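Below is one structure, written out as structure tokens, with a few remarks after it.
Owing to the predicted nature of the structure, the values given are computational and were not obtained by experimental measurement. Keep in mind that the numbers below use all heavy atoms, side chains included, and drop hydrogens, waters and symmetry copies.
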Amino acid sequence: MKGIIIAGGLGTRLRPVTYHRPKPLVPVANRPFLEYQVALLKQHGIDDLVFATNYMADKIEGHFGDGTRFGVRMRYAIEETPLGTGGAIRNAADRFPGETVAVFNGDVLTDFDLGRVLSFHHRKQAVATITLSEVPSPNPFGVLILDADGKVQSWNEPSEEKKKLLSQGSFEITGTDKINAGFYVFAPEFIESIPQGVPSSVERDIFPRFLAQSAGIYGIAPGGFWMDMGRPEQMMIASQAILSGSLQTFTHGIAVGENSVVAPDAALTGHSSVGNGCKVGAGSKLDATILLDGVTIGKGVRLRGVIVDAGAVIEDDCTVEGSAGGPTLVLAAGTVLKQGTRLLF
């Protein structure tokens, strides 16, 4: 089975973590994020893959290579200029002329049963199949309405008024909505309808055209863990989900990376993770915290709800704590906090 992973975005919502690495290589539980997607695809027989890349494409190719290390065949479709989701899919799918193709949005972390989705697609003889996730209603995402057979009747993007109300928290939960979960199966005729070399959005430009023709666009909600890993808060949730086992992955996360030294009386709680080549000093306590590679933590340090990027140094007796339910704090790569610094949010 052929597969495409759309991984060309700038990762702006994850900055500063993505200043020095593309989002596909952002470590989550000490493995580059997209290793989890590759493992999931392989598990379900999708092992001939193309990465649709743009931002720091050389680093992505340098890590994944030809895919041998991951048990798949890996190729690359580099966009010289951003083509949007539609253009990126067409650019990559040209490696698979006339083939049915599975497409993964590179922002998604999930343990969906993709085999069930593929079977559903073939059984319905669909032009396109969209995986759906059930989320509380109302929500800031586009909502899909299905008939009893699973055929998509409409795709309703949220209004500006709804977005405003949601941002203010001025709503009550009224049930569940089915939203686009970022994994698709496309028949050849769907792929061929996307203009070559022209920026387009598969969600805004291509799907509406087929829906207007009452074409065979189907949706299925396979159930399981799903999230869009776009912000530091979601990076934290993703890491904790992997380490706690609430996300069923085929590539296991690692709590403490290679060549790291954690003092015997240091405490790691809240499914914290420590990257490669880190040092955590005596008496330090890390709660719901992520250390990326090469971070040095002194003695008696207190960190809670923090992502510490590569090469940062936090000297003795520092305290950095985020507020419960608030934004996840991010200390940029190379940050130095001098002894006794206190940052409370």
Side-chain angles (χ1 to χ4, degrees), residues 7 9-36 55-56 59-60 106-109 167 227-244 247 253-257 260 262 266-281 284-298 301-345:
L10 299 177
T12 52
R13 293 179 296 161
L14 266 178
R15 288 176 178 168
V17 176
T18 50
Y19 278 136
H20 306 290
R21 61 177 73 80
K23 184 191 285 189
L25 300 186
V26 169
V28 178
N30 285 317
R31 291 193 184 277
F33 174 62
L34 279 197
E35 286 192 15
Y36 297 104
Y55 179 62
M56 297 192 190
K59 291 190 176 183
I60 297 172
D107 293 336
V108 171
L109 182 66
S167 68
M227 69 175 299
D228 164 35
M229 199 192 81
R231 297 178 285 110
E233 292 78 17
Q234 294 161 326
M235 179 179 169
M236 181 69 73
I237 293 169
S239 182
Q240 293 171 331
I242 290 167
L243 293 176
S244 69
L247 170 66
I254 302 168
V256 179
S260 288
V262 178
L268 306 180
T269 59
H271 301 294
S272 293
S273 64
V274 175
N276 300 317
C278 295
K279 296 179 181 179
V280 179
S284 290
K285 295 183 179 179
L286 280 58
D287 180 47
T289 289
I290 296 173
L291 306 186
L292 300 186
D293 293 349
V295 172
T296 299
I297 303 295
V301 171
R302 301 289 184 270
L303 301 178
R304 185 177 66 198
V306 187
I307 297 172
V308 185
D309 205 346
V313 176
I314 301 179
E315 296 184 355
D316 297 351
D317 301 321
C318 289
T319 299
V320 183
E321 294 185 354
S323 59
T328 296
L329 305 179
V330 182
L331 301 182
T335 294
V336 177
L337 295 186
K338 304 302 288 184
Q339 183 176 5
T341 298
R342 293 175 60 83
L343 300 173
L344 306 177
F345 294 86

Heavy-atom distance under 4.5 Å between the side chains of Leu292 and Val17, does that happen here?
yes
Are Thr296 and Cys278 side-chain neighbours, meaning at least one heavy-atom pair lies under 4.5 Å?
no
Closest approach of Ala29 and Ser239, non-hydrogen atoms and distance?
N-OG, 3.5 Å
Distance (rounded to the nearest 0.5 Å) between Ile297 CD1 and Ser284 OG:
7.0 Å
Show your working on side-chain contact (heavy atoms from CB on, under 4.5 Å) between Leu247 and Tyr36 and close with a plain yes or no.
CA-CA 11 Å; Leu247 170 66; Tyr36 297 104; 5.7 Å; no
Taking Gly253's backbone N and O only, do any of them form a donor-acceptor pair with Asn30's side chain (distance below 3.5 Å, no angle check)?
no
Within the side chain of Thr18, is there an N or O that forms a donor-acceptor pair under 3.5 Å with the backbone of Lys23?
no
Any side-chain to backbone donor/acceptor pair from Gln234 onto Asp228? Under 3.5 Å, distance only.
yes
Just wondering, do Val26 and Met235 contact through their side chains at under 4.5 Å, heavy atoms?
yes
Look at the side chain of Thr289 and the backbone N and O of Asp287, then say whether any donor-acceptor pair between them is shorter than 3.5 Å.
yes
So do Val256 and Leu268 actually touch side chain to side chain, heavy atoms under 4.5 Å?
yes
Taking all atoms of both residues into account, what is the closest heavy-atom pair of Pro16 and Asp309, and its distance?
O-OD2, 3.8 Å
Could you tell me whether the side chain of Met236 reaches within less than 4.5 Å of the side chain of Ile290, counting heavy atoms only?
yes
Grab the two heavy atoms, one from His20 and one from Ala333, that are nearest each other, plus how far apart they are.
CD2-CB, 4.1 Å
Look at the side chain of Ser272 and the backbone N and O of Ala288, then say whether any donor-acceptor pair between them is shorter than 3.5 Å.
yes
Short question: side chain of Thr319, backbone of Leu343 - any donor-acceptor pair under 3.5 Å?
no
I'd like to know if the side chain of Ser260 and the backbone of Gly275 have a donor-acceptor N/O pair within less than 3.5 Å.
yes
Lys/Arg-Asp/Glu bridge criterion (N-O < 4.0 Å) met for Lys338, Asp317
no
So for atom CZ, which belongs to Arg15, do other residues, nucleotides or ligands contribute more than 12 heavy atoms lying within a distance under 6.0 Å?
yes
What distance do Ile254 atom CD1 and Ser273 atom OG have between them, rounded to the nearest 0.5 Å?
10.5 Å
Donor-acceptor under 3.5 Å (Gln240 side chain, Gly270 main chain)
yes
The reported gap from CZ in Arg231 to CG in Asp107 (rounded to nearest 0.5 angstrom) is 12.0 Å
Expected output: side-chain Asp316 to main-chain Gln339 donor-acceptor under 3.5 Å:
no
Compare all side-chain heavy atoms of Ile307 with those of Leu329 and state whether any distance is below 4.5 angstrom.
no
CD1/Ile237 to NE2/His271 distance, rounded to the nearest 0.5 angstrom?
13.0 Å
Do the side chain of Thr335 and the main chain of Ala332 share a donor and acceptor less than 3.5 angstrom apart?
yes
Considering all heavy atoms of both residues, which atom of Gly340 and which atom of Cys318 are nearest to each other, and what is their separation?
N-SG, 3.8 Å
Rounded to the nearest 0.5 Å, how far apart are NZ of Lys285 and CZ of Arg304?
12.0 Å
Note, Leu109 side chain near Phe33 side chain (heavy atom, < 4.5 Å)
yes
Exactly one candidate in Leu303, Leu291, Ile314, Val295 meets side chain to side chain contact (heavy atoms under 4.5 Å, CB included) with Leu331; the answer is Ile314
Check: Pro27 and Arg21 side chains under 4.5 Å, non-hydrogen atoms:
yes
Just jot down the side-chain hydrogen bond (donor to acceptor under 3.5 Å, both in side chains) partners of Thr341, sequence neighbours excluded, or say none.
none
Of all heavy-atom pairs between Val280 and Ala266, which one has the smallest distance, and what is that distance?
CG1-CB, 3.9 Å
Closest contact, heavy atoms only, Tyr55 versus Tyr19:
OH-O, 3.6 Å
